[in-house]
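Structure first, commentary second.
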Amino acid sequence: REFRLFTLKRWLLLNEELRSMSLPEDAAVAVIENDVLLFERVAQRLHDCGVIHDNAQAETVVNGAFLVASATALRRFASFLWQLYELKPKHLEAIVWRFGEPKSVDTLSMRQRNRIDVAMIRGNSYPLFGDMDALNAFRLMSRSRELPPELRVRWAAGGKSQGCTDVPNARVFLARN
C-alpha cells in the first residue's frame, strides 16, 4: 500500500521540482524507471520524438518504464492526479475499475482485505491501481477527449527506432533467447 502511494506521490513531487526549475513549457523530460535497461541514446530518442511527432507533448516509449514528456505534459498529469483524488467515490471507482488491474481478493491476507474499501470489491475481485494505471488513464482519456482541453496532452503514437524490441519482461525474454 505504501509503495503504491509513493508511486503516485513521486509524480506530484516531480511536478513541484519542475516548477522550481522554471523550464520552458516544451522542455523535454525523460522519466526512466530504475529497473530499466536502456540501450539507446536518450538525446537521440528526444530528437526522434520531435521529428516523428512534431506536435506531440508526450510519448510512452516503454509502458510503465520510459516516458518522454514536456514539462507541460508532466504538470497536467500532476493536475490529473489531484483531480482523481478529489473525485466523488463513485466516479473514482469507475476510473479505477476501467484502468486498474483486477485481482482476486482470495490472494490477500485478512489485514490486506480490511484495507480495501468494500465499495471497490466486485464479486471476488478488486482493482489494483497504481501510477502507471493512472498514466494510462490520463493518456487514453486525453486521446478520447474525456478530459477538459486544458488538461489534455497530445500523445505520440509510439514511434520506434529501427531494431527496437519491446520486451515486457526482460528476464523471461533473455531466458528464451
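Rounded to the nearest 0.5 angstrom, Lys90 NZ and Ile95 CD1 are separated by 12.5 Å. Note: Asp106 CG to Arg113 CZ = 5.5 Å, rounded to the nearest 0.5 Å. For the atom pair CG (Asn136) and CG (Asp131), the distance works out to 10.0 Å, reported to the nearest 0.5 Å. Interatomic distance, Arg152 CZ to Arg143 CZ, rounded to the nearest 0.5 Å: 13.5 Å. For the atom pair CD of Gln83 and CG of Leu87, the computed distance is 7.5 Å after rounding to the nearest 0.5 Å. Ser109 contributes atom OG, which lies 7.5 Å from atom CZ of Arg115 (distance to the nearest 0.5 angstrom).
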ask   = After noting the C-alpha distance and the side-chain angles of Phe99 and Leu135, does the key distance pass the side-chain contact (heavy atoms from CB on, under 4.5 Å) rule?
value = CA-CA 9 Å; Phe99 295 101; Leu135 187 64; over 6 Å; no

ask   = Which is it for Lys103 and Glu101 under the salt bridge (Lys or Arg N to Asp or Glu O under 4.0 Å) test, yes or no, and what are the steps along the way?
value = CA-CA 6 Å; Lys103 295 285 186 178; Glu101 182 182 354; 3.1 Å; yes

query = Passes side-chain contact (heavy atoms from CB on, under 4.5 Å), Leu74 versus Asn15? Steps please.
reply = CA-CA 7 Å; Leu74 291 171; Asn15 180 48; 5.8 Å; no

inquiry  = Before you tell me yes or no, could you show the steps for Arg122 and Glu93 under salt bridge (Lys or Arg N to Asp or Glu O under 4.0 Å), namely the whole-Å CA-CA distance, both residues' side-chain angles and the distance that decides it to 0.1 Å?
reply    = CA-CA 11 Å; Arg122 292 184 184 169; Glu93 179 185 343; 3.5 Å; yes

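In this structure, the side chains of Leu108 and Ile116 come closer than 4.5 Å at one or more pairs of heavy atoms. Under the 4.5 Å side-chain criterion, counting only non-hydrogen atoms from C-beta, Tyr85 is not in contact with Leu8. Val105 places a side-chain heavy atom less than 4.5 Å from the side chain of Ile121.
For Asn114, the side chain to side chain contact (heavy atoms under 4.5 Å, CB included) partners are Met110, not counting sequence neighbours. For Glu146, the salt bridge (charged side-chain N to carboxylate O under 4.0 Å, His left out) partners two or more places apart in sequence, or in a different chain, are Arg98.
In this structure a side-chain-to-backbone donor-acceptor pair under 3.5 Å is present from Ser142 to Val153. Between the side chain of Arg76 and the backbone N or O of Glu150, at least one donor-acceptor pair lies under 3.5 Å. In this structure, Ser79 contributes its side chain and Arg75 its backbone to a donor-acceptor pair below 3.5 Å. Checking side-chain atoms of Trp97 against main-chain N and O of Met120 turns up a donor-acceptor pair under 3.5 Å.
Summarising the geometry of Ala78 relative to Leu12, their closest heavy-atom pair is O-CD2, 3.6 Å, with the distance given to 0.1 Å.
Side-chain heavy atoms closer than 4.5 Å link hydrophobic residues (I, L, V, M, F, W, Y) into clusters, and following such links, even through other members, never connects Leu128 to Val118. A single hydrophobic cluster is not seen to contain both Leu13 and Trp82; linkage of ILVMFWY side chains at heavy-atom distances under 4.5 Å, directly or through other members, places them apart.
Ring orientation note: the planes of Phe80 and Phe138 are tilted relative to one another, at an angle of 30° to 60°.
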